[in-house]
Amino acid sequence: MGLESKLPNGILLTNVEKMVNYTRSTSLWPATFGLACCAIEMMTTGAPRHDMARFGMEVFRASPRQADLMIVAGRVSNKMAPVLRRIYDQMSDPKWVLSMGVCATSGGMFNNYALVQGVDHVVPVDMYVPGCPPRPEMLLDGILKLHEKIQNETFAEQRAKA
Amino acid sequence: MELPPVLVTTLTFVILALLVWVLLSRTVLGRGFSVPLRNMFRPVETSQYPEKPRPVAPRFHGRHQLNRYADGLEKCIGCELCAWACPADAIYVQGADNTVEARYSPGERYAEDYQINYNRCILCGLCIEACPTRALTMTHEYEFSADQRSKLVYTKDQLIAGVPPGGDETPHTDRQVKERGLNYYGGLAVTPPTLHGGTYRPAGAAPASRAAQVVPTGDLPISDEQPTDPATVGGPTRRDPGRDR
């Protein structure tokens, strides 16, 4: 996206941004990355009852290269942190991270030496979903708020993040 | 031999129906396809979440709420039992003394600051069990994801319930409380008697008719425990028609 650096602030780019952000937010493919019990709720969210496919994100990609969104579902142990960071690095830009559940958000009730006290020590997080584990509706709520956030992003912000 | 046309039609139908039945129930292919065929006529299981959220269970553990009495006084007495019970250390309570001029709760103390950190809270409900005055209960609200961790630390003004109709916003003065004549906690020692200028009557010496003398029932402090929540308002919890087996 080198265009906007050469142009003055224009109507053209605002509309392009809107369109691109719309397409990005409506087909957000998550990476398969369940770490603990939250992953069970994440799978339920993909299952027919809650049906994430309604929001264009039913395909949990097994390869991080094909994924836009990393749902960190569960506690991140110190041993898992470098792996998590590597998977994040392997995802292609633009990419987003959703921290699902209190363990991923802050370590939750596990305030001990084995766990990373918040996944934002390792990767930048765009949305925090509380709960232990969050019920599928809570995850969907976080995802929908993330969609909204993506739709209001600018290219410059996105590039600064990458 | 010429058969009557009615018989021919009936026979054709019977033979066709038999063929379909044999195909669907006696062949591997038909048995397999009969499952999606059957399910095409069942009600859809998918919940249309953001538009039509399904009601949660009546005792669902959602976001907390700090309750008030009917007159607007806060139920929380700042005892910190919830913070002690919390397995995740998610609750912070800072108590302070009620004064004659500024009374927030019945009794000596109230919660000056009350914070629940939803980055840590696992919504287990142990704080609710620990609360001696039912000041802390849980609502059915669960949509509180945020894009910053600081937004998930809820302070007292976010947690406290609204003032019930007819009540006043805290702080009250002791004079107001006395004029109202409310006697909390079943007439046991409520506020330090010196504050009211009254006499302290020990619980053991209380007359048997204490319950009657406490407060007229209409004015009894009632709790605001019914969660006001769109998921529950409007009738009892709807049961899933497909689940009534």
Side-chain angles (χ1 to χ4, degrees), chain A residues 37-38 41 44-55 58 71 75 96-112 115 117-121 124-150 152-153, chain B residues 35-36 39-40 42-57 59-64 83 85-91 116-127 138-154 158 229-231 240 242-243:
Chain A
C37 32
C38 279
E41 298 291 308
T44 312
T45 318
R49 187 171 169 113
H50 296 284
D51 203 6
M52 248 151 76
R54 292 180 293 145
F55 310 108
E58 71 276 27
I71 301 179
R75 82 286 179 283
W96 294 272
V97 178
L98 188 144
S99 156
M100 179 182 181
V102 291
C103 296
T105 303
S106 72
M109 64 184 296
F110 304 114
N111 192 357
N112 59 32
L115 295 192
Q117 296 294 306
V119 74
D120 61 341
H121 290 285
V125 178
D126 294 284
M127 189 58 67
Y128 297 96
V129 179
C132 185
R135 56 191 281 122
E137 281 99 335
M138 277 166 107
L139 178 60
L140 281 179
D141 172 59
I143 286 169
L144 291 175
K145 280 179 183 162
L146 184 63
H147 284 184
E148 208 169 297
K149 189 181 172 184
I150 294 171
N152 295 321
E153 253 175 5
Chain B
V35 174
N39 279 291
M40 279 167 68
R42 286 176 135 187
V44 180
E45 177 67 16
T46 309
S47 77
Q48 302 297 317
Y49 161 64
E51 292 87 21
K52 278 182 276 175
R54 290 199 178 167
V56 294
R59 292 169 67 179
F60 175 71
H61 287 189
R63 200 184 63 104
H64 297 80
C86 183
D89 261 358
I91 306 184
I116 295 184
N117 183 353
Y118 285 105
N119 293 308
R120 291 251 176 217
C121 172
I122 57 170
L123 303 172
C124 61
L126 288 181
C127 45
M138 281 171 141
T139 62
H140 287 184
E141 188 187 330
Y142 52 79
E143 296 163 325
F144 47 107
S145 329
D147 57 348
Q148 285 170 20
R149 296 213 286 191
S150 56
K151 288 182 189 168
L152 284 175
V153 180
Y154 277 54
Q158 287 165 292
D229 164 24
D240 230 351
R243 301 248 154 198

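Within every chain, numbering begins at 1; the chains are lettered A, B, ... in the order of the sequence lines, protein sequences first and strands thereafter.
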inquiry  = Show the nearest heavy-atom pair for residues A:P130 and B:L152, with the distance to one decimal.
reply    = CG-CD2, 4.1 Å

Greater than 12 external heavy atoms within 6.0 Å of A:E148's CD = no

task = Could you pull out the closest heavy-atom pair between A:M138 and B:S145, with the gap in Å?
result = O-OG, 3.8 Å

inquiry  = For B:D89, which atoms come within 4.5 Å of any heavy atom of chain A: side chain, backbone, both, or neither?
reply    = neither

remark   = For B:I122 and A:V102, the nearest pair of non-hydrogen atoms, with its separation, is CG2-CG2, 3.7 Å

ask   = Within 45 degrees of the axis of the six-membered ring of B:Y49 and under 6.0 Å from its centre: does A:R54 put its NZ or CZ there?
value = no

message = As a quick check of understanding, evaluate side chain to side chain contact (heavy atoms under 4.5 Å, CB included) for B:R149 and A:T105, giving each step before the final call.
response = CA-CA 8 Å; B:R149 296 213 286 191; A:T105 303; 3.9 Å; yes

key: Contact check, side chains of B:V56 and A:R135, non-hydrogen atoms, under 4.5 Å   = yes

note = Taken to the nearest 0.5 Å, the spacing of A:H50 NE2 from B:E45 CD works out to 8.5 Å

query = Do A:N111 and B:R120 touch side chain to side chain, with heavy atoms closer than 4.5 Å?
reply = yes

Part of B:Q148 within contact of chain A (heavy atom distance under 4.5 Å) = backbone

task = First locate atom CD of B:E143, then atom NZ of A:K145, and finally report the distance between them rounded to the nearest 0.5 Å.
result = 7.0 Å

ask   = What's the shortest heavy-atom distance between A:P48 and B:T46, and which atoms?
value = O-OG1, 2.8 Å

Closest approach of B:N119 to A:S106 (non-hydrogen atoms, all atoms of both residues) = O-OG, 2.6 Å

